[in-house]
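A short write-up of the structure that comes next.
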Amino acid sequence: MGSPMTLTGLLPALDADPGVAEVLDAVGARGSLDVAVARGLRPALLAAASRRRPVVVVTATGREADDLAEALRGFGCGDEVAVLP
């Protein structure tokens, strides 16, 4: 079996995007921010934000939390991801 696919190479491109940079700067300046984004972009945006500061995410279900944690691991977050009941 091959090694798991990682998406860490996408993070510099996200950092370079002006819209994403604006959101990440706002999170850094305010310490918290409610952001509505497409479901597919959530893990990438959270991974990028977590490179700047710790991130806490509240999900509606445990299944959603598990799925998000798995997606974040694909962005290299690995042991930094914890799912709490």
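We number each residue from 1, following the sequence as shown.
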Inset, instruction - Flag the pair L46 / L68 as yes when at least one side-chain heavy-atom distance between them is below 4.5 Å, and no otherwise. - result: yes
Legend entry - Heavy-atom side-chain proximity of L10 to F75 below 4.5 angstrom: yes
Inset, instruction - State, with a plain yes or no, whether a side-chain heavy atom of D15 is found less than 4.5 Å away from one of L24. - result: yes
Inset, instruction - Identify the two heavy atoms, one from L45 and one from V35, that lie closest to each other, and give their separation to 0.1 Å. - result: CD2-CG1, 4.1 Å
Inset, instruction - Say whether L7 and L72 are linked into one hydrophobic cluster, either directly or through other cluster members, by side-chain heavy-atom distances under 4.5 angstrom. - result: no
Legend entry - Minimum heavy-atom distance between L11 and A47, given as atom pair plus value: CD2-CB, 4.0 Å
Legend entry - D25 and R52 ion-paired at < 4.0 Å: yes
Inset, instruction - Over all heavy atoms of both residues, which pair between A44 and L14 is shortest? Give the atoms and the distance, please. - result: CB-CD1, 3.4 Å
Inset, instruction - Nearest 0.5 Å please: distance from the CZ atom of R51 over to the SG atom of C77. - result: 9.5 Å
Inset, instruction - Please test R42 against E64 for side chain to side chain contact (heavy atoms under 4.5 Å, CB included), starting from the C-alpha separation and ending with a verdict. - result: CA-CA 12 Å; R42 288 178 194 163; E64 186 179 351; 3.9 Å; yes
Inset, instruction - Search all heavy atoms of A69 against all heavy atoms of V83 and return the closest pair with its distance. - result: CB-CG2, 3.5 Å
Inset, instruction - Mind listing the closest non-hydrogen atom pair of T8 and P12 along with its distance? - result: O-CD, 3.5 Å
